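Below you'll find the structure, written out as structure tokens, and then a few comments.
The model shown is predicted, which means the values in this text are computed figures rather than measured ones.
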Amino acid sequence: MCGIAGIITKSNKRAALEKMLYTQQHRGPDYTGFYEEESSIYLGHNRLSIIDLSPEANQPFADKKGRYLLVFNGEIYNYIELRERLKKRYDFTTQSDTEVLLAAFIIYGESCLEHLNGMFAFAIWDSHKKTLFAARDRFGVKPFYYFMYGEDFYFASEIKSIRAVTGALLPNKKVWANYFLHGSYGLPNETFYDGLNQLPPGHFLTLKNDQIKVKIWYDFVKNVLEAERTTDFKIAQEQYLDLLKDAINLRFRADVPIGFNISGGLDSSLLLALVNNMHEGSQIKVYTFYTGDERYDELPWVEQMLQTVENPLQKVRLKSSEVKDYARRLAAAQDEPFGGIPTIAYAKIFEQARKDGVIVLLDGQGMDEQWAGYDYYAEKAKENSTIQGISSQSTPFKSACISEKLARYAEKPVYPKPFDNRIQNLQYRDLFYTKLPRALRFNDRISMASSTELREPFLDYRLIEFAFAQQAAFKIKGDVHKYFLRELVKDVLPNKLTYAPKRPLQTPQREWFTEDLKPYVDQQVEALKSSPFADWFVHEEIECELQKYKSGERQSSFHIWQWINFSLLSTSFKSQGLD
């Protein structure tokens, strides 16, 4: 929806706030707003207008008395129902979800968060109590970064906005070491920049008298353990389908055109079927990417799905010749490591949608975490695996390529196991620590880089809590993963789609790295040798691994992408030798 930024300081920082907002203007090109109080409190907002397009809904948004100031990124999907509940206690002046959010905070205080169904990161300044309250949604769909710089507190929707005014930051050596050695993208509060934090999903932050306090507000484990569950498969399907339809309906609330992104898989096929069933005749535009390589493209599956409906399809092709430029642009957009050529291909969809005037897009993210869709959920798989399609006998991480100077900072991540069974603990890990957090960050940046909004119907907290609570036999039956979901859709989708295995790869990244993109790969790997961080790597080992890869050892290309990714991002960091 938008970008937010703020500075709590003891000196004039108006110019700094303007620079922060300019840096993330792509997140909200429709309006840029400022609030300043006593040359010490600065709040700013980049608006992408989605609900209530009127200027009265611009931000920073104040209540009538001027006590509370809100900057908000995201959507409160149940704002209509909340507004109805609150209207006897608050006099509304707009039709926006922004005002509903502020009213909920004024009336309920911090417990307002429990009433929200949405994706959000927001900050509210109480000018009477001189307190900042900030919060992030349950699963971290929307970002919130913060940094103490001297006596000043900065927050923003993107890291680059903070870097724009603080200058280059030192790399977080532990996070980088864990990325290279364990494939981790950091814990929920960490970033790849030293001292720069993110507010974890389901947490809120208060700042008063220079004291920062961070507390959890969403107790997912408690909710799952207390959830009602049934042993009756049909009843569970009926309950889940009702929730699913409501989740989709809520995410169709917008005053701008909506489209959606699909692959040829089960999850987006289900989304397509339900959308057309619930919004008959709406002719909602469908987007999908392809590369022209039939070994990986899901275009035939997509076209098969669309044979029985009338949705117009926009096919977006990524060519290998485009990768170099897009990789550079996406590195700047992401600020941290991102997901390789599949992420680049996905980014092109949002770029095309914006050109088409489609501002909001839906996709099918979240079903694999809900219903145990990844192959490593199987009992025979390695428990520490986090990558779909990699055999349990191999590792995509090349530890010999990382010097001891960096490797000594590594701390192999140990994830909580709050449940009494293997499958739920793996789902919990993927939902809050590994798979989903990085996918949401990748997708937020690429969608907002094109000034579009991505909504995730399957991440409605009611769906996830319901699915998590179900017995393992509903999730995996024999060798069939997402069994519950496949049975749910078998009457509305072709059998080829209903029981098609999950395809882990959607682009020819492995092949392109040794063919079309070979000179580019060589160039980026060579650049590591002259990088200020050259001593992080054992360059002879990198050359050895690269030659093995070119000779045919290509089960994974992740390590190749790690080196490219770092080469692209290394100029973002302040250089300082390892201790």
Review point. Between Arg27 and Asp444, is there a salt bridge with N-O shorter than 4.0 Å?
Key: yes

Check your understanding: Under 3.5 Å, is there a donor-acceptor pair between the Ser161 and Gln24 side chains?
Key -> yes

Review point. Does the side chain of Asp516 pick up a donor-acceptor pair with the side chain of Ser320 at under 3.5 Å?
Key: yes

**Study point:** Ser450 and Glu351 side chains, donor-acceptor separation under 3.5 Å
**Key:** no

Exercise for review: Step by step, work out the side-chain contact (heavy atoms from CB on, under 4.5 Å) result for Val538 and Ile542.
Suggested key: CA-CA 6 Å; Val538 181; Ile542 288 179; over 6 Å; no

Study note, to complete from the structure: The residue among Phe537, Phe533, Tyr185, Phe573 that forms ring-ring contact (aromatic ring centres under 6.0 Å, His included) with Trp176 is Phe573

Review point. So, Arg510 and Gln555: side-chain donor and acceptor under 3.5 Å apart, yes or no?
Key: no

Check your understanding: Do Asn443 and Ser447 have side-chain N/O donor and acceptor atoms under 3.5 Å apart?
Key -> no

**Study point:** Charged N-O contact under 4.0 Å between Glu369 and Lys435
**Key:** no

Check your understanding: Does one side chain, of His539 or Glu526, offer a donor that lies under 3.5 Å from an acceptor on the other?
Key -> no

Check your understanding: Given the side-chain rings of Tyr415 and Tyr433, with only the six-membered ring counted for Trp, is the space between their centroids under 6.0 Å?
Key -> yes

Point to revise | Considering all heavy atoms, the nearest Lys174-Leu187 contact | key: NZ-CD1, 4.3 Å

Check your understanding: Quick one: do the Asp97 and Tyr77 side chains pair a donor with an acceptor below 3.5 Å?
Key -> no

Review point. With no hydrogens and no angle check, do the side chains of Arg47 and Gln59 hold a donor and an acceptor under 3.5 Å apart?
Key: no

Exercise for review: Grab the two heavy atoms, one from Ile4 and one from Phe72, that are nearest each other, plus how far apart they are.
Suggested key: CG2-N, 3.5 Å

Check your understanding: When the aromatic ring centroids of Tyr179 and Phe192 are compared, is their separation below 6.0 Å?
Key -> yes

Practice item. Step through it carefully: locate the ring centre of Phe155, locate the ring centre of Phe144, and say whether they are under 6.0 Å apart. Key: yes

Exercise for review: Please work out whether the ring planes of Tyr346 and Phe350 are parallel, tilted or perpendicular, with thresholds of 30° and 60°.
Suggested key: perpendicular

Review point. Are side-chain N/O atoms of Thr191 and Asn197 paired as donor and acceptor at under 3.5 Å?
Key: no

Exercise for review: Could you check Asn58 against His45 for side-chain contact (heavy atoms from CB on, under 4.5 Å), going step by step and ending with a plain yes or no?
Suggested key: CA-CA 9 Å; Asn58 288 341; His45 188 259; over 6 Å; no

Point to revise | Lys/Arg-Asp/Glu bridge criterion (N-O < 4.0 Å) met for Asp460, Arg138 | key: no

Exercise for review: Scan side-chain atoms only and decide if Glu298 and Gln506 contain a donor-acceptor pair under the 3.5 Å cut-off.
Suggested key: yes

